[in-house]
Amino acid sequence: MKAILRVKRFDPEKDRKAYSQDYEIGVQEGTTILDGLLQVRGEQDGTLAFRRSCRSAICGSCAMMINKVAGLACYTQIQELRSQLITLEPLQGYSVIRDLVVDMEPFFAKLKAVMPYMVHKTPPSDREVPQSQEEHRLLAEAVTCILCGSCSASCPRYWHDENYLGPAALLKAYRFVLDSRDEAEEERLAIVNDPSGVFRCRKIFNCVEACPKKINPTEAITALSRKILTKKL
Amino acid sequence: MHKYSYKNGGVFIWFLQRFSGFVLLGLLLTHMLVEHFTLGGHELSYELVAKRVATPLWKIIDSLFLVLGVFHGLNGVWMIASDYIKKDWLKVVVVSLLLCLAGILLTLGLLTVIPFKA
Ligand code: SF4
Ligand code: FES
């Protein structure tokens, strides 16, 4: 089988505007978008730029808009898309560095803003800090986030507001707020209560649909909102 | 970069929007039931409605309806508008316009509801 990859291309050093370029590729059962892109770069056009590392949906670097929907190139099989023509575009809501490579800096800056690390204020003991299975179950879903940025790239609120923390950062905040070992709930809730935080979520649910790890960031955002509300009341 | 923290992000407005939504739903259902199923065989007429609307209980219900409706509706408009308006001065203009509109609607509405006599 054959398929056409219609790739949105842009090289800031040469191009004044982005344009689309078609590449025909061979497809077998199990061929992923990333396989297709590697085929193109290896055999047809060495100038095509895209990110990838693990090739197994774990590093989060290959997220892009696939037929207008954010997802992982290495996780999306071409045959499952049921179309011969596949458009590939850089993640929406991020600025383009080249072709399919976007600037993830603002995304990671927002992640850093919610303190994505364990805070332990009580003096360390000489033992480990245990957590029960029930306590861990609360985080089990949220910890599987691979920071691919697909959720934020699908969020209209994120496209229009450069300050909005976005689903991925808020999910990370939630992951630590729920963690029984963490001791910075106050600070983190204050941060996500920012005017660009949880209350800007419009419950569009695009992030839920986009997440390749089947995480529900909207639920996390709502849980944080409720926590803030009960604290204030 | 934007500094995140320690300003109120609007938790009470967020809550009030949801709360008013629920109350409005209840009021709306009550209104429908009363208006359409409790006429006891009478034709719907001005006299019938006027008598009910002139009682203190209905004045409270209708005022509540009005206040919550205006808040819920205009706050909704502001929420959507604020998603897309980036310039601070324009935000101020839109908020002022919406507040004026709210003032006018509330004044007109309450002037009709409260002194109403059958
Ligand atoms: S929540 Fe899902 S879509 Fe968002 S960054 Fe994490 S893995 Fe990617
Ligand atoms: S290459 Fe690592 S997630 Fe796709």
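Reckoned from all heavy atoms, side chains included, excluding hydrogens, waters and symmetry mates. Model, not experiment: these values are computed from the prediction.
Not a single side chain to side chain donor-acceptor pair (under 3.5 Å) links A:Arg98 to another residue, sequence neighbours left out.
Considering CD of B:Gln17 and CZ of A:Phe199, their distance stands at 13.0 Å, rounded to 0.5 Å. In this structure, the separation between OG on A:Ser196 and NZ on B:Lys3 is 12.5 Å, given to the nearest 0.5 Å.
The number of heavy atoms from other shown groups lying within 6.0 Å of OH (A:Tyr19) is above 12. Around NZ of B:Lys59, the count of heavy atoms belonging to other residues, nucleotides or ligands within 6.0 Å exceeds 12. The number of heavy atoms from other shown groups lying within 6.0 Å of CD (A:Glu162) does not exceed 12. Counting non-hydrogen atoms of other residues, nucleotides and ligands closer than 6.0 Å to CZ of B:Phe19 gives a total of 12 or fewer. Enclosure of atom CZ in A:Arg51 by more than 12 non-hydrogen atoms of other residues, nucleotides or ligands within 6.0 angstrom is indicated. For A:Glu209, the CD atom is loosely surrounded, since the number of other residues' heavy atoms within 6.0 Å does not exceed 12.
With a 4.5 angstrom heavy-atom cutoff, A:Leu189 does not touch chain B via any of its atoms.
Judged as a ring pair (Phe, Tyr, Trp, His ring centres under 6.0 Å), not a single pair has a partner in residues 169-194 of chain A (not counting sequence neighbours).
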Kindly indicate, with the supporting measurements, whether the criterion side chain to side chain contact (heavy atoms under 4.5 Å, CB included) is fulfilled by A:Ile228 and B:Phe15. CA-CA 11 Å; A:Ile228 293 172; B:Phe15 177 67; over 6 Å; no
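Counting heavy-atom pairs closer than 4.5 Å to chain B, the top-ranked of the candidates A:Lys110, A:Arg202, A:Lys232 is A:Arg202. When each of A:Val192, A:Leu165, A:Asp161 is scored by its heavy-atom pairs under 4.5 Å with chain B, the top score falls to A:Leu165.
Residues of residues 80-93 of chain B placed with any heavy atom under 4.5 Å of a heavy atom in chain A are listed by number as B:Ser82, B:Asp83, B:Tyr84, B:Lys86.
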Could you give the side-chain donor-acceptor pairs of residues 141-149 of chain A under 3.5 Å, partners two or more places apart or in another chain?
from, atom 1, to, atom 2, distance (Å)
A:Glu141, OE2, A:Asn216, N, 3.1
A:Thr144, OG1, A:Glu141, O, 2.6

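When side chains are defined from C-beta on, B:Trp14 counts as touching A:Leu229, because their heavy atoms get closer than 4.5 Å.
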